[in-house]
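Heads up, the thing below is written out as structure tokens.
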Amino acid sequence: MLSELNQEQKEAVTTTEGPLLVLAGAGTGKTKVLTTRLAYIINEGKARPFECLAVTFTNKAAREMRERLENLISGENAADVWMGTFHGICLRILRVNAEKLGYAKNFVVYGEDDSEKLIKEILNGDDRYQPKTIMNIISRWKDQALTWDKVPDNYNSDLPTEARKIYETYQKRLREMNAMDFGDLILNTLTLLQTDTATATKYQNKFRYIMVDEYQDTNIAQYLWLKLLSMGHNNIACVGDDDQSIYAWRGAEIANILRFEQDFAGAKIIRLESNYRSTQHILACASRLIAHNSQRLGKDLKVAPNINGNGEKVVIRGVFNDRAEADFVANTIRNALNNGMNGGKIAVLVRASFMTRLFEEAFLIRAIKYRITGGLRFYERKEVMDIIAYIRLLLNRNDDMAFSRIINTPRRGFGNTALNNIRQYAYDKGCSFFEALTEMTSNDILKKAAKKTAEDFVNMFAEWRQRLDTDDHCELLKKMLTDIDYVAKMKLDREREENFSEVVKSLSDFRTMENLMEHVSLDFGAEEADTMTGCVSIMTLHAAKGLEFDCVFLPGWEDGLFPSSKTMDESPDGLEEERRLAYVGITRGRRNVIISFAANRKVYDQWMRSQPSRFLSELPKNNIKLWLDRGIVLTERLYE
DNA sequence: AAGGTTAATGTTTTT
DNA sequence: CATTAACCTT
């Protein structure tokens, strides 16, 4: 097991005791180290599987780790390791302990959509602020482990003082509906561990070894959570790369990784710097670029022995406009495909998703098969969320957000004013929307027509609830969908109808409706169709983190677009984060990296003149090959 | 309450 | 331009 590792990797695997930070540069075998280390601990008998905690940020990463672990440990059961996302692990802990925090065990998890709708409801027509903005502020507070009562008065001078008040109301409403949002999963678990010593001790003793992936992406709440959980045995190993921290705008604190040695006394730091992915020219560009950042622990990627050698220089292509850029990329790819290259090994990585359009068009013309990753996820589609809301209300009649979503979907003559009446009634009585509706139907408050539809709605749910215990859950769902006649009433097109039946189908993978809900709320299924093999990938730089491609195109390297002026206006650290994003982009490439910029670009239907990205001038001259069209210049001097 | 019209607004999005 | 939310008319 250890024989396949290099010296640093071996050290990272066998250093099991005490705090450890593994600084793993791009392509240095991070996942391998993580899984091998876990297997090593278990195989050496240092801990049993269920005494190990391995935390990741994505379900994909957790699945991958689990699969690889299964191949490494024998006899022991990989399934017993506590492995999952921060949110997943927290959910697991909270399901058992919710009552200690005043929640019922079967609380629901609200997604962004529900949260925003709830904020909107709380704002009560006040259109001075956007629900999204408020929700963002609240989420950032939660990221920083600030419960509403701990938000300082002078939190932010240009922030409406009402935000904190809204936060308070928001939490109160969530509690009434027995719901938590994503941030609550972390924050409530943290509160539980901080306030309930017995519970804290239990988990602290349980987890002998803790491992964390992508540590550079943790926020303050997650840091405090880890700190608390690791207090028992003090064996915490964090793997990450400060140079790949690109989620500050979502609350990630790069300071967590920069401060690791101070935070965890006696911490050991191991650097993985042998890169098994890219050629020398690519690494040289990446290294020189990232060297311009000040906030870093410092690390130098070296080409791993026997890998690839110098390879080809990084190409910088300057063209007249965005159209020419897309044509260039598409032509180059068409050529490569004609020469037998597999399209699946090629990627176009853009800064912002609107940039994918031109490439799509250019690819279509040339019959280049492509796939766009990102965009709406399966469970975020309207028709899918609608069914989910039906299930949610069925399982939890206090779920007012689900109620609001479906009371008039499909249309049943129950519009906004009616919903407002219900809201008012529920507010006055301190009951849920569903109860309000039920009472209103029996109290003759409603007009005749409305009364009829309301009664039907209530009766429909009453019948479904009865069947919940007796009927097969798949059959029940089918019945529900027939009863509401969704497909016909919503005039679904072919694609949407397929999405719809996909949910019905996926329910059969789960034992109960509750099981499906758990899955839906935290694991937004990325249905990777296998028919997509051989397709060129188009995605954002953010989505590309963790992936690799033989050939990578990085278009749109223009000041204002990349680095994005918006990010730089937002925060003084913005430029460095953008640079890390550029670093992530370059280090995705194994053999070819082709950067491009256009002198003119149509943005919102307006032609904009743009300057080449300042990042271009931060690349080492000897490792790049310039290819500029007539009249296109790189004004800044290039580094030697 | 529904449907049609106009005005505003355009990054990145692991859970 | 093109999408979407808010608005206004029936």
Side-chain angles (χ1 to χ4, degrees), chain A residues 55-64 84-91 109-113 115-116 120 125 127 130-132 135-136 139 142-143 180-187 213-214 216-219 221-222 244-252 349-358 373-377 379-380 382 407-408 410-420 447 449-450 453 518-526 539-547 556 560-570 574 577-578 580-582 584-585 602-607:
Chain A
V55 201
T56 62
F57 270 86
T58 65
N59 291 298
K60 196 177 153 214
R63 274 192 291 269
E64 195 182 321
T85 62
F86 275 99
H87 295 83
I89 301 282
C90 283
L91 183 65
V109 179
Y110 273 9
E112 257 152 48
D113 197 69
S115 298
E116 261 171 48
K120 197 172 171 184
D127 55 2
Q130 272 189 303
K132 213 182 184 137
M135 194 54 225
N136 243 317
S139 297
K142 290 186 178 180
D143 289 339
M180 297 187 195
D181 68 14
F182 288 138
D184 288 335
L185 292 175
I186 312 286
L187 193 44
D213 192 17
E214 308 277 19
Q216 77 283 350
D217 289 335
T218 51
N219 59 37
Q222 287 158 342
Q244 292 187 68
S245 164
I246 54 173
Y247 282 105
W249 50 276
R250 267 198 127 208
L349 309 181
V350 297
R351 172 69 247 261
S353 51
F354 73 82
M355 295 168 66
T356 58
R357 265 191 104 107
L358 277 175
T373 26
L376 267 194
R377 281 162 292 191
Y379 290 115
E380 280 175 332
K382 194 193 158 304
I407 180 64
N408 202 32
R411 296 252 140 84
R412 40 174 81 87
F414 220 98
N416 240 306
T417 38
L419 182 58
N420 276 331
K447 277 180 284 179
T453 39
E518 294 288 275
H519 175 79
V520 167
S521 51
L522 286 187
D523 189 354
F524 280 55
M539 66 180 89
T540 63
L541 287 161
H542 284 90
K545 195 175 81 163
L547 305 177
L561 187 63
F562 191 40
S564 141
S565 47
K566 215 158 184 172
T567 304
M568 295 198 293
D569 292 345
E570 234 157 54
E577 172 137 329
E578 291 286 301
R580 290 191 289 266
L581 201 48
V584 167
K602 219 172 187 177
V603 184
Y604 312 134
D605 201 35
Q606 280 230 314
W607 282 106

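Below, each value reflects all heavy atoms present in this structure, side chains not excepted, and no hydrogens, waters or symmetry copies. So you know, we letter chains A, B, ... as the sequences are listed, proteins then strands, and number each from 1. Since the structure is predicted, the reported quantities are computational estimates derived from the model, not experimental observations.
Base contact: A:E570 has a heavy atom under 4.0 Å from a base atom. Note on A:Y247: a base of the nucleic acid sits closer than 4.0 angstrom, heavy atoms only. A:D217 comes within contact range of at least one nucleobase, with a heavy-atom separation under 4.0 Å. Nucleic acid contact for A:E578: base, since at least one base atom lies under 4.0 Å from a heavy atom of the residue. When heavy atoms are screened at a 4.0 angstrom cut-off, A:E112 is found touching base atoms of the nucleic acid.
Not one side-chain nitrogen or oxygen of A:S564 sits closer than 4.0 Å to the OP1 or OP2 atom of B:dT12. Side-chain nitrogen and oxygen atoms of A:N408 include at least one within less than 4.0 Å of the OP1 or OP2 phosphate oxygen of B:dA2. Under 4.0 angstrom from either OP1 or OP2 of B:dG3 there lies at least one side-chain N or O belonging to A:R411. The side chain of A:N59 places an N or O atom within less than 4.0 Å of a non-bridging phosphate oxygen (OP1 or OP2) of B:dT15.
Of the residues near DNA chain B, A:A543 and A:D605, the one whose nearest nucleotide (by heavy atom distance) lies more toward the 5' end is A:D605. The residue among A:S565 and A:H87 whose nearest nucleotide of DNA chain B lies closer to the 5′ end is A:S565.
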### Summary
Per-nt protein contacts along nucleotides 2-10 of chain C (heavy atom under 4.0 Å; B base, S backbone sugar-phosphate only, - none) come out as ----S----

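In terms of the side-chain contact (heavy atoms from CB on, under 4.5 Å) criterion, residue partners of A:K60 (sequence neighbours excluded) are, by chain and number, A:T58, A:R63, A:L547.
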